[in-house]
Amino acid sequence: MKENFQIYNKEFEGPFNLPLTIKSGQTSQPAWLEQDGYFQELVVAENKPCLIKIKCGSKNMASSLEVEVESPYEIALKTVQDTIKDIFGLNDDLNNLYKFLEKDPKLSPTIEFCRGLRVFKAHNPFECVISSITSANNSIIRWNRSIRMMSEKWGDMYHFPTGDFYTFPSPKKILTVPEHEVEELEYCGGEKNIAECVNNLKTCGVGYRGNYIKRASKIINEDLDLNTIARMNYQEAFQTLLEIPGVGPKVADCILLYGFGRGEAFPVDVWISRIISKLYFHGEKIKPDKIREYGRERFGKYAGYVQLYLFHYARKSGLLDELKPRI
DNA sequence: ACCCAGGCGTCAG
DNA sequence: CTGACGCCTGGG
């Protein structure tokens, strides 16, 4: 199938800034590739691969989106459209969010810095889990590169006129991947020397996280069906995710927010800790679990968006630099 | 040019 | 509670 269509701004509530949403470094997945003015990514819909190309409308259609989709298989257009709306948070009502933010003088300044920024949701929950594990104690560029490399090495490749695209590998596939050079050497029984061992997790730049990634894949392949997470209440889902190696409170909340659309999740990293303590506690040092509790209580179902907006506001307004220790 | 300290969340001790 | 983990960044 190959289809072109528009998504009109009247189909969702509030503004939408596509490039901002894609490039804001949210841990659901790496940023989509930008080519020929389109952002492109291979997603799976109805279990079939589908290339999505999306850009902001031009001229009189400036506030709508132009989309091209292409797949070697037949997929119902409605399914693809719903998938796109879900990925870009187009079901979230930003007008309501802004009404909520406006009521808090600490939050209202974030609106003008982040207008149209939406939660960039995962199209693949497993990829989201691995992305989030890889993002811990890491930089955005580094985990983005790692996830891309994993897809290119072990995902399924599909060829399109605009290039080759890869799915993210399945848990089962990752189980067959050696963790590091030494393990790869053992697997091949000495057929190659250590310098030729480049087909392992460590060569993707994941460092010590390779071990977490393999153990997480094993659990998800054998014991934990990620679909069941979607049906659990927040607490239960949070506790279940904590069982996965490499998943602590911050990563669990990221998975819930980006992978499962739980808007009430409040992922707390050092920056959010500093921002919250500066804005609401006169700069007093507060432990991360207290910050998380505070955020969830104060911001409720908007907690995830508040986290996203505070971080980007702090980044763009210069608050972040100001909060860096020892200036 | 080069080096090395610092920082990111989680886990193990 | 503290240090180690790997890698990149950025200051000297």
Side-chain angles (χ1 to χ4, degrees), chain A residues 23-31 122 127-150 152-153 174 177-184 194-195 197-220 224 237-259 265-278 285-296 303-304 307-308 310-312 314-315 318-327:
Chain A
K23 293 175 178 177
S24 51
Q26 305 178 48
T27 61
S28 51
Q29 56 187 308
E127 179 184 28
C128 177
V129 170
I130 302 302
S131 283
S132 304
I133 290 175
T134 309
S135 74
N137 196 18
N138 210 340
S139 69
I140 295 170
I141 349 144
R142 225 167 3 120
W143 71 256
N144 267 255
R145 188 162 52 220
S146 294
I147 298 301
R148 288 257 170 246
M149 287 177 81
M150 293 174 69
E152 285 170 20
K153 282 175 189 277
I174 291 187
V177 173
E179 188 183 321
H180 40 60
E181 291 85 345
V182 179
E183 198 172 280
E184 187 175 347
I194 196 103
C197 292
V198 292
N199 211 35
N200 56 72
L201 283 172
K202 200 159 177 283
T203 53
C204 298
V206 299
Y208 59 90
R209 301 170 196 82
N211 177 52
Y212 300 154
I213 292 170
K214 286 208 74 167
R215 284 159 62 206
S217 301
K218 188 172 165 65
I219 289 174
I220 291 166
L224 175 63
F238 184 75
Q239 291 302 331
T240 305
L241 289 170
L242 287 184
E243 307 278 315
I244 301 175
V247 178
K250 149 52 157 88
V251 168
D253 268 336
C254 282
I255 295 170
L256 285 171
L257 178 60
Y258 301 114
F266 193 66
V268 176
D269 61 12
V270 286
W271 293 110
I272 285 299
S273 288
R274 288 171 190 159
I275 293 165
I276 292 287
S277 97
K278 161 93 177 174
K285 277 253 180 296
I286 320 254
K287 290 189 192 308
D289 57 326
K290 286 288 167 198
I291 300 272
R292 174 170 174 272
E293 205 177 301
Y294 181 82
R296 285 181 35 77
Q307 173 268 159
L308 183 61
L310 277 178
F311 181 74
H312 286 278
R315 212 184 199 180
L319 176 60
L320 222 51
D321 294 327
E322 195 186 315
L323 291 174
K324 274 181 190 153
R326 65 167 74 231
I327 274 219

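Quick note on labels: first sequence line is chain A, next is B, and so on, each numbered from 1.
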Asker: Measure CD1/A:Ile272 against P/B:dG7 and give the value in whole Å, please.
Answerer: 19 Å
Asker: How long is the straight-line distance from OG of A:Ser217 back to CD1 of A:Ile133, given to the nearest 0.5 Å?
Answerer: 7.5 Å
Asker: Between the main-chain N or O of A:Val270 and the side-chain N or O of A:Lys250, is there a donor-acceptor pair closer than 3.5 Å?
Answerer: no
Asker: To the nearest 0.5 Å, what is the distance between CD1 (A:Ile147) and CZ (A:Arg142)?
Answerer: 12.5 Å
Asker: Working note: A:Glu184 + A:Thr203, criterion side chain to side chain contact (heavy atoms under 4.5 Å, CB included); need CA distance, chi angles, decisive distance, verdict.
Answerer: CA-CA 11 Å; A:Glu184 187 175 347; A:Thr203 53; 5.7 Å; no
Asker: Can you measure A:Ile213 atom CD1 to B:dC11 atom P for me and round it to whole angstrom units?
Answerer: 13 Å
Asker: Donor-acceptor check, side chain of A:Asn144 to backbone of A:Ala31, threshold 3.5 angstrom: yes or no?
Answerer: yes
Asker: Which is more 5' along DNA chain B, the nucleotide nearest A:Pro245 or the one nearest A:Arg209? Just name the residue.
Answerer: A:Arg209
Asker: Name the nucleic acid region contacted by A:Val206, choosing base, sugar-phosphate or nothing; use a 4.0 angstrom heavy-atom cut-off, strictly under.
Answerer: nothing
Asker: Can you work out whether A:Lys287 or A:Ser139 has the more 5'-proximal nearest nucleotide on DNA chain C?
Answerer: A:Lys287
Asker: Can the positive tip of A:Arg296 be found less than 6.0 Å from the middle of the six-membered ring of A:Phe238, inside 45° of the ring normal?
Answerer: no
Asker: If I take atom CG in residue A:Asn211 and atom P in nucleotide B:dG9, what distance separates them, rounded to the nearest angstrom?
Answerer: 20 Å
Asker: What verdict does the side chain to side chain contact (heavy atoms under 4.5 Å, CB included) test give for A:Phe266 and A:Ile276, after you've listed the backbone C-alpha separation in whole Å, the side-chain angles of each residue and the deciding distance to 0.1 Å?
Answerer: CA-CA 12 Å; A:Phe266 193 66; A:Ile276 292 287; 4.0 Å; yes
Asker: Does a side-chain N or O from A:Arg142 land closer than 4.0 Å to OP1 or OP2 of B:dG7, or not?
Answerer: no
Asker: Can you pull the contact range of chain A along DNA chain C, 5' to 3', using atoms under 4.0 angstrom from its heavy atoms?
Answerer: C:dC1 to C:dT9
Asker: Can you measure A:Trp271 atom CH2 to B:dG7 atom C1' for me and round it to whole angstrom units?
Answerer: 9 Å
Asker: Does atom NZ (A:Lys218) have a neighbourhood of more than 12 heavy atoms from anything else shown, all under 6.0 Å?
Answerer: no
Asker: Enter the inter-axis angle for the ends of the helix from B:dC2-C:dG12 to B:dG13-C:dC1 (five pairs per end, rounded to 10°).
Answerer: 50°
Asker: Determine, step by step, whether A:Asp253 and A:Gln307 satisfy the side chain to side chain contact (heavy atoms under 4.5 Å, CB included) criterion, reporting the C-alpha distance in whole Å, the side-chain angles of both residues, the deciding distance to 0.1 Å, and the verdict.
Answerer: CA-CA 11 Å; A:Asp253 268 336; A:Gln307 173 268 159; over 6 Å; no
Asker: For a quick check of understanding: with a heavy-atom distance under 4.0 Å over all strands, which category does A:Pro288 fall into, base, sugar-phosphate or nothing?
Answerer: nothing
Asker: Is there a donor on the side chain of A:Tyr208 or the base of B:dG9 sitting less than 3.5 Å from an acceptor on the other?
Answerer: yes
Asker: Considering every strand and a 4.0 Å limit on heavy-atom distances, what is the contact class for A:Ile140: base, sugar-phosphate, or nothing?
Answerer: nothing
Asker: At 4.0 Å (heavy atoms only), tell me whether A:Ile141 reaches a base, stays on the sugar-phosphate, or touches nothing.
Answerer: sugar-phosphate
Asker: Whole Å only: how far is the OH atom of A:Tyr212 from the C1' atom of B:dC8?
Answerer: 13 Å
Asker: Quickly work out the A:Ile244 CD1 to B:dC11 P distance and round it to whole Å.
Answerer: 11 Å
